[in-house]
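Note that this is a predicted model, so its numbers are computed, not measured.
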Amino acid sequence: MFESLAVSSRLITRCAHTLLRSQRCTFHSSSVSRAIYEKDDKGGFRKDGDLKFPSRTEMIRDGFKQLKTEIMLWKDEVKEKLSMDPLAFARKGEVDCLWDFKDPETLKKFQLASDKDHNHGYSTCELKMSPAGKGLFTGYIDATVPKDGIVQSSGYCSMRSYRARKSFKRDSYLNWSMYNTLVIRVRGDGRSYQLNIGNAGYYDLMWNDVFTFVLYTRGGPYWQLTKIPFSKFFFTSKGRIQDKQRPINLEMVSHFGITATDTANGDFSLEIDYIGLEFDPEHTEEFAYETYKHDNYIVGN
């Protein structure tokens, strides 16, 4: 009797495995909804091949190669958690440096993009060390619109920090809540640049949430120290200023970036010394823009 039951169970298991292999199906304990989440977090602006995933064997091999680095990163997280002293941060009049471009390794913490990368234009850019030993964001802005009948405007280049993450490839955020001012020391060419702070959340509706403020530069040999309160940054999405404004969630900063965009064709050059944060106790403004609701629409100022 027991032998017949064992044979029957083996036959049932074998049939189930055969059925799964033939139909290539998987079981889910709950229904799958794709009404919100999208696989492409770039909003359709991806290069060919970006969505081609490696095989499981390649992933395992790559994982073992990165294991040592991830363990060291995890140890640093534990040390930082145990030794963290909130009173040691955000002291009045002191700038905490986020990215110091005197170190060439800082350049590797930023990724570059331009309209040419997505076949939407002809602009080019690069991030390198300047002759003075600083970071140099330079390139060529070309506002010529491709004659493909789809692209309507062109001419932009950007540099953006990589997404903050924890060990073992876990997405994380930068916590800037103890500060209220962005500090950047640059030497520009007279063009205006956009400073962007990302607040990308889990849902795809928040992936393009960016807070922007304009950085005006002077031409010439002199450095300029610019301090911009976070309350001055305004809410945009995919390059459009939103009617319904809101302040930045400084506890969930996903990235920081600089964009060069213009309708005037020509070279651009922005030399960067450092980017940091400061707490200014004299600045008490929470948000510089007000919004109010009407019965039929929302207006932002």
Kindly say whether [Y] contributes a backbone atom to a donor-acceptor pair with the side chain of [X] at under 3.5 angstrom?
{"X": "T261", "Y": "G155", "answer": "yes"}
{"X": "Q242", "Y": "R240", "answer": "yes"}
{"X": "T217", "Y": "G190", "answer": "yes"}
{"X": "T106", "Y": "D100", "answer": "yes"}
{"X": "R187", "Y": "Q224", "answer": "no"}
{"X": "R160", "Y": "T259", "answer": "no"}

Side-chain heavy atoms of I197 within contact of W176, under 4.5 Å: yes
Assess the side chains of S154 and D115: does a donor N or O sit below 3.5 Å from an acceptor N or O? yes
Exercise: do S123 and D142 side chains pair donor with acceptor under 3.5 Å: no
For the residue pair R246 and Y289, would you count it as a cation-pi contact if the rule is NZ or CZ under 6.0 angstrom from the ring centre and within 45 degrees of the ring axis? no
For atom CD of E285, is the number of surrounding heavy atoms from other residues, nucleotides or ligands below 6.0 Å larger than 12? yes
Return the orientation label for the F230 and F233 ring planes: parallel under 30°, perpendicular over 60°, tilted otherwise. tilted
With under 30° as parallel and over 60° as perpendicular, where do the rings of W99 and F256 fit, or are they tilted in between? parallel
Atom [atom1] of [X] and atom [atom2] of [Y]: how far apart are they, to the nearest 0.5 Å?
{"X": "Q245", "Y": "F234", "atom1": "CD", "atom2": "CZ", "result": "8.0 Å"}
{"X": "I184", "Y": "I228", "atom1": "CD1", "atom2": "CD1", "result": "7.5 Å"}
{"X": "L182", "Y": "E278", "atom1": "CG", "atom2": "CD", "result": "10.5 Å"}
{"X": "L195", "Y": "L215", "atom1": "CG", "atom2": "CG", "result": "5.0 Å"}

Name the residue from Y156, Y140, F137 that meets the ring pair (Phe, Tyr, Trp, His ring centres under 6.0 Å) definition with F268. F137
Show your reasoning for whether side chain to side chain contact (heavy atoms under 4.5 Å, CB included) applies to Y216 and T226. CA-CA 9 Å; Y216 300 97; T226 303; over 6 Å; no
